[in-house]
Amino acid sequence: MIIKKFKELTKKEEEKIINRNKANFEEILPKVMEILKDVREKGDEAVRYYTKMFDGVDIEDFKVSEEEIEEAYNLLDYKVIEAIEKSKENIYFFHKKQMEHIKDLKVENNGIILGQVVRAIEKVGCYVPGGRALYPSTVLMTTIPAKVAGCKEIYITSPPTREGKGNPATLVSGDIVGVSGIYKVGGVQAIGALAYGTETIPKVDIIVGPGNIYVTVAKKMVYGDVAIDFLAGPSEVLIIADETANPEYVALDFIAQAEHDPNASCIIVTTSEDKAKEFKEKIFKEIEKSKRKDIILKALQNSAILIGDLDECIEFSNKYAPEHLEILTKNPEEILDKINNAGSVFLGEYSPVPVGDYASGTNHVLPTSGFARMYSGLNVETFLKKITYQKLNKDSLKNIADIVITLAEIEGLYGHAEAVKRRLNK
């Protein structure tokens, strides 16, 4: 992990930090395409084959039964179930407020009635990862905005355990939200099944949720057959910290992201050289206490502490476009006004990223790898379509007839022009 002033960074060093985690999709593309082709052509047979190959388990029926869900409740501590319930309430609250600001529209312009109606995407597939960690929170984050949007069918796919079962916390979370079905399938084969449909797993209209590089490439390849949210990579945080920032909190929040993945990126930009050294010292002390020390040490290779004035820190943050942005400064709201690119922002020393991961109510499925420059995080609008309409009478058609006819004819689309002329006897 380097410590450098912005002015000392070479162009190559800055580009390496900015262009973090740019995966080489080409290397794994042939294998992903092979799996997708097999799933498309062979359905459940291919899904079973690849599930056995990659997850080491032979599953006859992918769909989770009511009995399995009931068993999952019995396996979970009541405190966990209660936490899921309370998290659900907060996520529902925020996403319902989002929905209140998305409305049908009807206006009049020169006698022409114009409008839009908002409609939900009907069938949703939510991918919930397994692997290094289990993510019942991702069940809540992917399914609840779809529920609030009014989607009719919401399905979850998630990798099975070695025993061929679904993770209890994942099953309980899905049941608490009230999804249409849960399937014990992960990886590329799950994305293919949702995109194309099999004998068991329904075809959906949109696939959302994070996953490893194979899942990400698979989502990229099925885009067009279905919609997707965005391409999500390893987790990341950028912390803007001035001389008032508490080094312990900075170190803890750094560790909280680094423990996700060896490829996680953690960047601190600070106004104080003394603070930078203190942050690094605290980080290494916290690493020694961590149960995920090996992962964090690998993530340090993707991490840095950069020093400059506050304007330089803000400018770099907007270039970096982090998934998570923490602002630990004297007046964090003033900094927020200058932030253009970020997935989700956490203001002040009592707003660490984990609150957004689990309980504050905002969504934790966020754009990474700089995609926050052009994408929002998952939200109710992800699951909505806006259908526009217009209604004209003879007089309002006359008002714009010359515009339509002139532009249609210059484009060589004489049938377009004639459709207007005949109505007006021109």
Side-chain angles (χ1 to χ4, degrees), residues 17 20 83 86-87 90-91 93-95 97-98 135 137-138 140-141 144-145 210 230 232-261 264-272 275-276 279 282-283 286 296 299 302-306 310 313-373 375-379:
I17 295 169
R20 73 282 187 191
K86 289 180 178 177
S87 177
N90 290 345
I91 297 166
F93 173 83
F94 181 76
H95 289 81
K97 290 297 178 184
Q98 281 185 333
Y135 299 104
S137 58
T138 300
L140 304 178
M141 296 293 180
I144 289 173
F230 42 78
S235 192
E236 58 192 42
V237 67
L238 187 144
I239 302 171
I240 299 178
D242 65 10
E243 67 283 353
T244 69
N246 184 320
E248 183 180 11
Y249 296 165
V250 171
L252 289 170
D253 295 351
F254 183 102
I255 297 294
Q257 287 308 117
E259 73 174 355
H260 268 285
D261 190 298
S265 299
C266 304
I267 307 296
I268 300 169
V269 293
T270 181
T271 57
S272 168
K275 282 285 188 180
F279 295 153
K282 287 281 187 185
I283 287 166
E286 291 298 330
I296 296 165
N302 317 309
S303 303
I305 301 176
L306 306 175
L310 200 52
C313 292
I314 295 166
E315 181 185 0
F316 183 85
S317 178
N318 280 323
K319 280 185 185 177
Y320 190 85
E323 176 190 20
H324 305 101
L325 171 61
E326 284 194 4
I327 305 178
L328 300 178
T329 62
K330 189 176 181 180
N331 297 303
E333 287 84 358
E334 290 180 11
I335 307 298
L336 177 62
D337 290 340
K338 300 175 183 178
I339 297 301
N340 297 322
N341 303 320
S344 192
V345 183
F346 300 79
L347 302 171
E349 63 180 7
Y350 293 106
S351 309
V353 169
V355 300
D357 287 341
Y358 298 113
S360 65
T362 61
N363 208 288
H364 81 199
V365 181
L366 302 167
T368 64
S369 305
F371 284 116
R373 284 189 287 271
Y375 288 102
S376 306
L378 204 67
N379 62 84

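Start at 1 with the first residue, then count along the sequence.
- With Glu326 contributing its side chain and Leu347 its backbone, the two residues share no donor-acceptor pair below 3.5 Å.
- Looking only at distances, a side-chain donor or acceptor of Asn363 sits under 3.5 Å from a matching main-chain atom of Met141.
- With a 6.0 Å cutoff to the six-membered ring centre and a 45° limit on the axis angle, Arg373 does not count as a cation-pi contact of Tyr320.
- Side-chain N or O atoms of Thr368 include none that pairs as donor or acceptor with a backbone N or O of Glu323 at under 3.5 Å.
- Contact detail for Pro234 and Ala264: the closest heavy-atom pair is CB-N, 4.1 Å.
- For the residue pair Ser235 and Gln257, a side-chain donor N or O sits within less than 3.5 Å of a side-chain acceptor on the partner.
- The main-chain N or O of Ala359 is found under 3.5 Å from a side-chain atom of Asn90 such that the two form a donor-acceptor pair.
- Ring planes of Tyr135 and His260: parallel class, angle under 30° (limits at 30 and 60°).
- Judged purely by atom type and a 3.5 angstrom limit, Asp253 has no side-chain atom pairing as donor or acceptor with the backbone of Ser351.
- Under the 3.5 Å distance criterion, the side-chain polar atoms of Lys282 are left unmatched by any main-chain donor or acceptor of Val250.
- Considering every non-hydrogen atom in both Ala258 and Cys266, the closest pair reads N-SG, 3.6 Å.
- Side-chain polar atoms of Thr138 and His364 form a donor-acceptor pair below 3.5 angstrom.
- Listed for the Asp242 side chain is a donor-acceptor partner under 3.5 Å among the backbone atoms of Thr244.
- The backbone N or O of Gly370 lies less than 3.5 Å from no partner atom in the side chain of Asn341, so there is not a single donor-acceptor pair.
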